[in-house]
2 protein chains.
Amino acid sequence: MKLDDAAARLEALGNPTRLKIYRALVRAGAEGLPVGRLQAKLDAAASTLSHHLKSLVVVGLVTQTREGTTLVCHANYDIMRDLLGYMVEECCAEGSCAPVVLPKVA
Amino acid sequence: MKLDDAAARLEALGNPTRLKIYRALVRAGAEGLPVGRLQAKLDAAASTLSHHLKSLVVVGLVTQTREGTTLVCHANYDIMRDLLGYMVEECCAEGSCAPVVLPKVA
DNA sequence: ACGGTATTTCTAGAAAAATAGAAATATAGA
DNA sequence: TCTATATTTCTATTTTTCTAGAAATACCGT
């Protein structure tokens, strides 16, 4: 991942509303969440939410699949993994950020 | 770490100039880098750089120590580790982002 | 084709960020 | 104290982001 891409993705996540969106999508798991559900959950205007979602989609962190009249959103783990990988590689001294190695929760 | 803090830190890193600053500080290691060196390296106006540095200092990602007339900047690994930890915990499905476990470079 | 639900795009205003020149501050040394 | 160097703060301008209402579009069922 190039620095500019990483910065764009970090910026996309660097807004409370968008970070909440992303977190909600991760928690929703593989089935994802319809835009409408997100809207209810976050209590934002539809147009505002759509705007934020677009930011996340543009940088690849979120994907959308249409199911009839509803748009279902999914967290894109591949991009997130690459982003975290970038941060660990480029922005950590060896060992200093290693504790990230703790995702062995399950 | 609270969501708002994580978002603020991600936003701080979510700008190409600031991400370059942070990366340069990581690469500089324990001795850090004076503001002037950063300025030369990034080729930005002094006031602009100072402004960006402040953003990073405010969210705790960078610390500064004065050495005579020069201000030396350091990456704060603790905050970065916590931030990465937050992202792995809150924004990853178990396993999906695990490959972050690769920092065993050295 | 029509009606309804879901979502986006358009539009616009307010707030915040980025940029950088000029002036101010801090520190060290003569 | 005066000078020089390093850096920040002040100020202003331009650009971008955030917000959300209103209108438009997409899709489905009848």
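Every chain is numbered from 1, with letters handed out A, B, ... down the list of sequences.
Put simply, CG on B:L10 is 17 Å from C1' on C:dA17, counting in whole angstrom units. One atom, CG of A:L49, and another, P of D:dT19, lie 11 Å apart when rounded to the nearest Å. Atom P of nucleotide C:dT25 and atom CG of B:L71 are separated by 17 Å, given to the nearest angstrom. Going from atom CG of B:L53 over to atom C1' of C:dA20 covers 15 Å, rounded to whole Å. As rounded to whole Å, 13 Å separates atom P of C:dT27 from atom CD of B:Q64. Rounded to an integer number of Å, the gap from A:K20 NZ to D:dC18 C1' is 14 Å. The distance between atom NZ of B:K54 and atom P of D:dT7, rounded to the nearest whole Å, is 16 Å. Counting to the nearest Å, the P atom of D:dT5 and the CD atom of B:Q39 are 14 Å from each other.
Atom-to-atom distance recorded for A:C73:SG and A:Q64:CD is 4.5 Å, nearest 0.5 angstrom. From A:T65, atom OG1 reaches atom NE2 of A:H74 across 3.0 Å, with rounding to the nearest 0.5 Å. From B:I21, atom CD1 reaches atom OG of B:S55 across 8.5 Å, with rounding to the nearest 0.5 Å. Atom CD of A:E90 sits about 4.5 Å away from atom OH of A:Y86, to the nearest 0.5 Å. To the nearest 0.5 Å, atoms CG (B:L19) and CD (A:E11) are separated by 11.5 Å.
Proximity of B:L13 to B:V59: side-chain heavy atoms (C-beta onward) are nowhere separated by under 4.5 Å.
When each of D:dT19, C:dG21, D:dA20 is scored by its nearest atom to the side-chain atoms of A:T17, the top-ranked nucleotide is D:dT19. With C:dG21, D:dT17, D:dT8 as the candidates, the nucleotide lying closest to the side chain of B:S50 is D:dT8. Checking C:dG21, C:dA18, D:dA20 against the side-chain heavy atoms of B:H51 singles out C:dA18 as nearest. Side-chain proximity of B:A46 to the nucleotides D:dT8, C:dA18, D:dT9 is greatest for D:dT8. Listed nucleotides: C:dT7, D:dT19, D:dT8. Nearest to the side chain of A:P34: C:dT7.
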With sugar-phosphate taken as primed atoms, P, OP1 and OP2 and all else as base, the protein-contact string of nucleotides 25-30 of chain D at under 4.0 Å (heavy atoms; B, S, -) is --SS--

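Contact annotation for A:H52: backbone-only contact, meaning every heavy-atom pair under 4.0 Å involves sugar-phosphate atoms and none involves a base. If you check every strand for non-hydrogen atoms under 4.0 Å, A:R37 touches nothing. Within the nucleic acid shown, B:T70 comes within 4.0 Å of sugar-phosphate atoms alone, with no base atom in reach, counting heavy atoms only.
When hydrophobic clusters are built by joining Ile, Leu, Val, Met, Phe, Trp and Tyr residues whose side-chain heavy atoms come closer than 4.5 Å, directly or via intermediates, B:L38 is grouped together with B:M80.
Although no hydrogens or angles enter the test, the distance criterion places no donor-acceptor pair under 3.5 Å between the side chain of B:N76 and the main chain of B:T63.
One finds a side-chain N or O of B:T48 lying less than 4.0 angstrom from the OP1 or OP2 phosphate oxygen of C:dA20. Phosphate proximity of C:dA17 to B:N15: absent, as no side-chain N or O sits under 4.0 Å from OP1 or OP2.
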